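Just so it is clear, the structure is predicted and the values come from calculations on it, not from any experiment. Just follow the structure's listing: the first ligand is 1, and inside any ligand the first atom is 1.
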Amino acid sequence: MVAKMIDGHAVARQVRAQCREWTMTLAGSGVIPGLAVIIVGDNAASRIYVANKIKACTEVGLKSTVYAFDASTPGNVVEAEIRRLNDDPTVHGILVQLPLPARMDGRRVLAAISRDKDVDGFHLYNVGALVQGETMFPPCTPFGVQKMLEYENIPVEGQNVVVVGASNIVGKPMALMLMQKDATVCICHAKTRDLAQFTILADILVVAAGRPNLILPQMVRTGAVVIDVGINRLPDGRLVGDVDFEGVRQKASYISPVPGGVGPMTVTMLVHNTVQSARRYAELQNPVHPELAWC
Ligand code: GUN
C-alpha cells in the first residue's frame with residue numbers, strides 16, 4: 001500500500017474560495033473583515049508566520065494591520081492596545097503571535113482579548129467553550145486538520161485517534177475536537193512510555209511533537225491515516241515533519257506531507273475564523289439580513 005497524499009494547498013484553496021465569497025457578500029453590506037495582529041519582540045520565525053498571515057488575509061480581501069512592539073514593552077501597554085482594538089468596530093479578529101517574551105505574563109495578555117474577537121481560540125472562555133463543543137473559534141491548526149479529514153471524506157466517528165503532543169495550541173484542542181466528533185481519543189506526549197504501543201492502535205494518527213523521525217513505519221498500523229503537524233528544520237536546512245515520511249507512506253492509507261500539508265491550513269483557518277467573526281458582527285448589526293445568517 002502506498003498512501004494517498006493529503007494536499008494542504010488544495011484544501012486551503014477550497015476554504016479560501018468560500019471565505020472570499022463570504023467576504024464579497026459582507027462588502028455588499030459595508031463590512032470588511034478586519035484582523036489585528038500583535039507581535040512583541042523580534043523572534044525570526046514569528047515574523048515569518050505573521051507575514052504569511054497578512055499575505056493570506058490580503059489575498060482573500062480582509063484588512064489586516066500589524067501592531068509590532070519592542071521586546072522591552074511593558075505588558076500593560078500591550079494590554080491597553082488590545083483593549084482599544086476590542087472597542088474598534090472595524091476589527092473583527094485580534095491575534096497575539098506566540099511566543100511572547102518570557103518576562104511577559106502571556107495569560108494576562110491573552111485574557112485581554114475580547115472573547116468575541118479571539119480568532120486564535122486561546123482565550124480561556126473559548127477554551128472552555130471548546131471543551132463543551134460550542135466554541136466560535138476553534139484553534140486554527142487543529143481546525144485545519146479537521147478540514148483536511150473532511151476534504152478527504154475520512155470518517156472520524158468511532159475511530160481510534162491517537163494524538164502525539166499535548167500542547168495547548170495543537171494537541172489538546174485537537175483531541176477535544178475529534179472527541180466531539182465521537183472518535184475514541186488517546187493523547188500521548190513527551191513522557192509517554194513505549195509510544196509505539198499506543199500509535200499502533202491508531203486508525204488516525206495526528207503527530208505534533210516537534211521531533212523529526214519520531215514516528216517510524218513499525219509504529220503505524222497498515223492503512224492508518226497519518227497527519228503530520230511537525231515542522232522541523234534539519235541541520236542541512238531541509239524542512240521535515242515528525243514522521244518518517246518515505247517509510248510511513250508505504251504503510252498508511254493517507255499521509256500529509258511537510259511542507260505542503262497542515263502548514264497552509266493553519267493560516268487559512270485564521271482567515272476563516274476572522275471572516276466568521278465579521279459575519280457574526282454583521283448579523284448582530286442587521287439581524288434581518290438573511291444571506292448574512294451566522295452559522
Ligand atoms: N505560534 C505558533 N503557532 C501559533 C498560532 O497558531 N497562533 C499564534 N498566535 N501564535 C502561534
side-chain contact (heavy atoms from CB on, under 4.5 Å) between V161 and L178, intermediate numbers included: CA-CA 8 Å; V161 175; L178 294 174; 3.5 Å; yes

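- Closest protein heavy atom to atom 3 (N) of ligand 1: I169 CD1, 4.2 Å.
- Ligand-side atoms of ligand 1 in range of V96: 8 (C), 9 (N), range being under 4.0 angstrom from any heavy atom.
- Looking at N273, its side chain does come within 3.5 Å of a backbone N or O of V119 through a donor-acceptor pair.
- The residue among V267, D120, V119 with a heavy atom at the shortest distance from atom 7 (N) of ligand 1 is D120.
- Ligand 1 lies out of reach of Y49, whose nearest heavy atom is not under 4.0 Å from it.
- At a cut-off of 3.5 Å, with distance as the only test, a side-chain donor of Q97 or K53 sits close to an acceptor on the other residue.
- Of the protein's non-hydrogen atoms, Q97 NE2, 3.4 Å is the one closest to atom 11 (C) of ligand 1.
- Looking only at protein heavy atoms, the nearest one to atom 1 (N) of ligand 1 is L98 O, 3.0 Å.
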Worked check of side-chain contact (heavy atoms from CB on, under 4.5 Å) between W22 and Q276: CA-CA 8 Å; W22 282 328; Q276 289 292 65; 3.9 Å; yes

Steps toward side-chain contact (heavy atoms from CB on, under 4.5 Å) verdict (I32, L62): CA-CA 6 Å; I32 296 172; L62 280 65; 5.9 Å; no

